[in-house]
Every structure is written in structure tokens, then in C-alpha cells.
Amino acid sequence: MHPLVSDYLRLHCWQALSQAKRAEYQRRHLLFYIEVYQSKEGVEAELLFDWDNIALAVERARHLGLWQDLLTLAEALVGERGTPLLKRYQLKQALQILEVALEAAQQLKQSLQEARFLLQRGICRYRLAEYQPAYLDVVASLQLARQSTDAVLISAAELELGRVCYRLTRYDEAEEHFEAVRAQAAARRDLWQEAAAWHELGRLAYRRHQFERAVQLLAEARRLREQLGDQEGLARTLHEQGRLQHELALRSQEPAKLDEAESLYLLSLSLRRQIGDRVGEQATLHQLGLLAFDRGNLSQANAYYAESMQLARELNDRFWIVHNQFRSARLLWYQGQRQEALSQAQEALALCRLLGIGLEREIEEWLRAPA
């Protein structure tokens with residue numbers, strides 16, 4: 001039933017309808033949205049425009065206990081990464097639907113569905129830099145998944161748990177999860193997940209300053225992703241290889257390595273823009289800003305940070321908001337605006353402490369001796 005018809009009935013005929021008829025019309029209102037979002041492509045903007053009506057239909061269906069219908073709608077909107085709310089990074093709305101989806105899965109005693117939706121909620125919370133709640137969701141998802149025989153879901157939850165542990169600087173725990181994913185993927189010949197595990201292990205080796213190992217692991221991830229034609233994964237690995245070469249250039253004082261890092265960043269950025277990966281795009285723009293700063297090109301650094309910050313604010317991605325804020329504070333210091341620089345750095349430090357991320361230590365060190 002189209003929402004305009006539903007509105008007309010509520011405004012002009014509602015009191016004359018029996019409870020059974022009201023329930024029928026409310027269910028048909030929900031079914032309208034299920035049909036729309038199961039059958040159409042590119043409906044993200046339309047969905048957001050109509051969000052208040054969708055939320056109303058969902059709440060009424062919840063009141064009526066239409067749990068199976070609610071699960072069907074949730075699958076269409078937030079069931080996997082490419083579904084409308086997750087594709088557009090409308091995480092506030094995604095979390096609203098996920099709350100109802102989890103209630104429906106519990107009411108219907110569908111533990112596998114509950115595991116999937118817990119994983120999606122954990123991913124949403126990760127994107128919002130709510131790392132501790134994300135950790136709890138993904139742990140619960142993995143526990144439920146392990147009760148099933150769904151090896152793909154188990155692997156996906158374990159990989160995500162490793163990523164959350166990485167952000168929480170729980171590196172030993174992260175490594176255990178990544179190694180488990182790699183071994184499981186190799187055993188069932190799942191090259192996509194194996195490549196993802198090599199990639200995450202490479203990131204982790206870089207973070208631990210195990211640079212030779214990081215070079216090897218990321219090279220293997222890149223080889224597999226090129227073989228598979230995995231453009232999104234390849235963009236991620238090129239980005240990480242850029243970070244690695246960037247760090248090695250700074251340590252060795254070899255300008256040629258900065259050129260190599262820039263080439264890798266630009267390849268990653270090009271791929272990310274081609275596939276519409278805005279989350280990845282903001283990260284690579286930030287790294288290009290860092291590289292320009294390290295070359296002493298402050299105006300170019302400022303332009304990259306500003307572009308990254310604009311994306312981060314649009315996505316409400318607090319992880320990259322705080323990174324861009326601190327890097328911009330360093331620029332202000334070099335430009336002689338020292339009081340403003342200190343103020344921005346203090347604000348960034350407060351947000352880092354709230355998020356519990358590793359950048360906190362870097363900001364504290366800089367504030368002790370700004371440069």
C-alpha cells in the first residue's frame with residue numbers, strides 16, 4: 001500500500017475500521033517498502049527522503065508483532081554492505097533498523113539472523129568510532145555464528161573482531177583473530193578472505209614496526225587481490241603499501257621512497273573514487289596530506305586535509321575527524337597561529353580519549369614539545 005493511501009485512511013477512515021482492518025492496512029504499508037527496496041536499484045536518496053514514513057511503518061509493525069516482515073525489510077535495508085543504508089553510510093538510520101531486526105530475530109529464535117545483524121551493528125558502531133560497543137557486538141555475533149555451520153559468517157565476524165581489536169590497540173588479540181581467519185580461509189580455499197587476512201596481518205606488522213614482515217604480507221595480499229580482480233580490496237592494500245613506504249622514507253631519509261608512497265596513494269585514491277568508496281577516500285586524502293606536510297608543502301597538505309575533513313564530517317566518521325583536526329593543528333603551528341593550534345590539538349586529544357585510539361599518545365607527545 002502506497003504511503004499516501006495509508007495517510008488518507010488514517011486521516012479520514014480510521015475510526016470506522018475494525019482492528020483487523022487497521023492491522024491489515026498497517027502491514028500493507030510495511031510491505032510496500034519491502035517491495036520497493038527489494039526490487040529497485042539506486043533508491044538511497046528516495047529512502048532518506050521518506051525516512052519518517054518508513055520509521056512509522058516499522059514501529060507500527062513492531063507493535064503488531066510482524067517479526068518476519070520486519071526481518072525481510074531489514075535484510076533489504078541493512079542485510080549486507082551493498083544494501084541502501086550501509087552503502088550510503090546512513091548509520092543512524094541503519095542502527096534504528098538493526099535494533100528492530102535484532103528484536104525480530106530473537107522473537108523468532110533465528111540465531112543465525114541474529115548473528116548477522118549483530119555483526120552489521122558492530123560494523124556500524126566501528127564506523128562511528130564506538131569501538132567498545134562494536135567489540136561487544138562482534139564478540140556476540142561470533143559466539144552465535146560458531147553455534148552454526150556457516151563458515152563464511154564465522155570468518156567475517158572473526159575478521160571484523162580483529163579489526164576492532166586493532167583499533168583498541170589490543171594487538172595480540174587482533175593477530176590471533178587474523179591468523180585464525182587466514183588458516184580457515186586457506187583450508188576452504190577462500191582466496192578473498194585469505195587476501196583480507198594477509199592484508200590485516202600486514203597492517204598489524206606495520207603498526208608494530210615489523211617493516212620487513214609488513215612488506216611481505218602486504219605484497220601477498222596485493223598479489224591475491226589483483227588475481228581476483230578485487231578492486232576495493234586492492235585499493236585498501238595499495239593504501240597500506242603507501243603508508244609503509246611513507247614510513248620507510250622518513251626513517252631512511254630517502255626522498256625516492258616518498259615518490260613511491262605518493263604513487264601508491266594516488267593509485268589507491270583513483271580506485272576508491274572509481275568504486276565510490278568514500279570511507280577509504282577520506283583516509284587516502286589524509287595520508288596524501290601527511291606526505292605533503294613531510295615534504296614541506298603546507299598549502300597542498302592543507303588542501304588534502306580539508307578535503308578529507310569534509311568527507312569525514314559528511315560521514316560522521318570521528319576517527320578521521322580527529323586525525324584531520326590534529327594534523328590541521330600542526331599546520332596552524334607552522335603558520336604561526338600557535339594559540340589556535342594548541343586549542344585544536346587539545347580538542348583532538350579530548351576526542352581521542354573518548355574514542356580510546358592510539359593517536360592520543362602522539363598528540364600528548366606533540367603538546368609536550370610542539371613542532
Side-chain angles (χ1 to χ4, degrees), residues 81 86-92 94-95 122-135 160 163-169 199-200 203-204 206-207 232-233 235-244 246-247 261-262 264-266 268-273 275-294 300-332 341 343-364 366:
R81 286 187 59 198
L86 301 182
K87 182 178 179 180
R88 198 177 173 93
Y89 303 108
Q90 296 297 329
L91 302 181
K92 178 182 175 183
L95 286 171
I123 292 170
C124 288
R125 286 174 162 172
Y126 176 98
R127 283 261 54 89
L128 291 167
E130 297 172 359
Y131 298 119
Q132 194 56 45
Y135 178 84
E160 195 61 34
R163 288 172 175 153
V164 177
C165 290
Y166 177 93
R167 283 286 181 239
L168 291 169
T169 68
H199 173 91
E200 297 298 344
R203 289 177 72 219
L204 186 57
Y206 164 82
R207 177 58 62 191
E232 183 177 0
R236 289 182 179 182
T237 300
L238 288 167
H239 173 95
E240 293 302 326
Q241 287 184 313
R243 288 178 70 210
L244 179 56
H246 191 163
E247 180 67 24
E262 183 179 35
L264 289 161
Y265 286 147
L266 290 172
S268 175
L269 183 65
S270 175
L271 279 176
R272 284 175 153 168
R273 284 176 167 166
I275 62 179
D277 178 8
R278 298 171 76 218
V279 171
E281 183 181 347
Q282 67 179 338
T284 304
L285 285 166
H286 179 86
Q287 290 301 128
L288 283 163
L290 271 178
L291 189 142
F293 180 87
D294 291 331
Q300 188 178 46
N302 186 57
Y304 278 129
Y305 291 151
E307 197 173 353
S308 178
M309 179 65 98
Q310 180 180 345
L311 275 173
R313 292 199 184 282
E314 288 174 5
L315 297 169
N316 191 28
D317 191 327
R318 294 188 297 173
F319 181 87
W320 288 110
I321 288 171
V322 72
H323 275 73
N324 284 305
Q325 185 173 11
F326 172 56
R327 305 305 179 196
S328 296
R330 291 198 310 169
L331 276 178
L332 289 170
S343 175
Q344 283 206 25
Q346 290 286 0
E347 285 182 18
L349 179 60
L351 182 52
C352 277
R353 286 172 174 163
L354 178 66
L355 301 179
I357 57 176
L359 183 65
E360 177 183 342
R361 290 187 292 277
E362 185 179 344
I363 299 176
E364 287 173 340
W366 186 84

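None of the values given here were measured: they were computed from a predicted structure. Below, all heavy atoms of this structure are taken into account, side chains as well, without hydrogens, waters or symmetry copies.
Here the straight-line distance linking atom CZ of Arg163 with atom CG of Leu204 works out to 13.0 Å at 0.5 Å rounding. Residue Leu128 holds its CG atom at 4.5 Å from CG of Leu91, rounded to the nearest 0.5 Å. For the atom pair OH (Tyr206) and CG (Leu244), the distance works out to 7.5 Å, reported to the nearest 0.5 Å. Rounding to the nearest 0.5 Å places CD1 of Ile321 at 9.0 Å from CG of Leu315. To the nearest 0.5 angstrom, Asp294 atom CG is 9.5 Å from Glu247 atom CD. Note that CD of Gln282 and CE of Met309 are 10.0 Å apart. Values are rounded to the nearest 0.5 Å.
Scanning all heavy atoms of the two residues, the minimum distance from Ser308 to Leu285 falls at CB-CB, 3.9 Å. A pairwise comparison of heavy atoms in Ala292 and Ala301 identifies CB-N, 3.6 Å as the closest pair. A pairwise comparison of heavy atoms in Leu95 and Cys124 identifies CD2-CB, 3.9 Å as the closest pair. The minimum heavy-atom distance linking Ala312 with Asn324 is given by the pair CB-ND2, 4.5 Å. Taking every heavy atom of both residues into account, Tyr126 and Ala134 meet most closely at N-CB, 3.7 Å. Residue Leu332 comes nearest to Ala341 through the heavy atom pair CB-CB, 3.8 Å, listed as atom of the first residue, atom of the second, then distance.
Salt-bridge formation is detected for the pair Arg278/Glu314: a Lys NZ or Arg NE/NH1/NH2 atom is positioned less than 4.0 Å from an Asp or Glu carboxylate oxygen. The residues Glu360 and Arg353 are annotated as salt-bridged, a charged nitrogen and a carboxylate oxygen being separated by less than 4.0 angstrom. Ion pairing of Arg127 with Glu160 is absent here, as no side-chain N (NZ or NE/NH1/NH2) approaches a carboxylate O to less than 4.0 Å. In this structure, Glu240 does not pair ionically with Arg236, as no charged nitrogen and carboxylate oxygen lie closer than 4.0 Å.
Aromatic ring centres of His286 and Tyr304 lie farther apart than the 6.0 Å criterion allows.
Cation-pi geometry between Arg167 and Phe319 is met: the NZ or CZ atom falls under 6.0 Å from the ring centre, inside 45° of the normal. Both tests pass for Arg330 against the ring of Phe293: distance under 6.0 Å to the centre and angle within 45° of the axis.
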Practice task
Before giving the answer on side chain to side chain contact (heavy atoms under 4.5 Å, CB included), spell out for Leu351 and Leu354 the whole-Å C-alpha distance, their side-chain angles and the decisive distance to 0.1 Å.
Solution key: CA-CA 5 Å; Leu351 182 52; Leu354 178 66; 4.1 Å; yes

Practice task
Using the side chain to side chain contact (heavy atoms under 4.5 Å, CB included) rule, take Val164 and Leu168 through it: C-alpha gap first, then chi angles, then the decisive distance, then the call.
Solution key: CA-CA 6 Å; Val164 177; Leu168 291 169; 4.0 Å; yes

Practice task
Start with the C-alpha gap between Tyr265 and His246, add the side-chain angles, then the distance that decides, and say whether side-chain hydrogen bond (donor to acceptor under 3.5 Å, both in side chains) holds.
Solution key: CA-CA 10 Å; Tyr265 286 147; His246 191 163; 3.1 Å; yes

Exercise for the section: For side chain to side chain contact (heavy atoms under 4.5 Å, CB included), just list the numbers for Glu262 and Leu266, CA-CA rounded to whole Å, side-chain angles, deciding distance to a tenth of an Å, and then say yes or no. Expected result: CA-CA 6 Å; Glu262 183 179 35; Leu266 290 172; 3.8 Å; yes

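Between Tyr166 and Arg203, some side-chain heavy-atom pair lies under the 4.5 Å cut-off. Proximity of Leu290 to Tyr305: side-chain heavy atoms (C-beta onward) are separated by under 4.5 Å at one or more points. Counting heavy atoms from C-beta outward, Leu271 and Ile275 have side chains that stay 4.5 Å or more apart. Considering only heavy atoms from C-beta on, Ile357 comes within 4.5 Å of His323 through its side chain.
Within 6.0 Å of atom CZ in Arg273, more than 12 heavy atoms from other residues, nucleotides or ligands are found, so the atom counts as buried in its surroundings.
When each of Leu238, Asp277, Val279 is tested with Arg272 by the rule side chain to side chain contact (heavy atoms under 4.5 Å, CB included), just one qualifies, namely Asp277.
Side-chain atoms of Ser268 never come within 3.5 Å of backbone atoms of Leu264 as a donor-acceptor pair (strictly under, hydrogens ignored). Without hydrogens or angle criteria, Arg125 side chain to Glu130 main chain gives no donor-acceptor distance under 3.5 Å.
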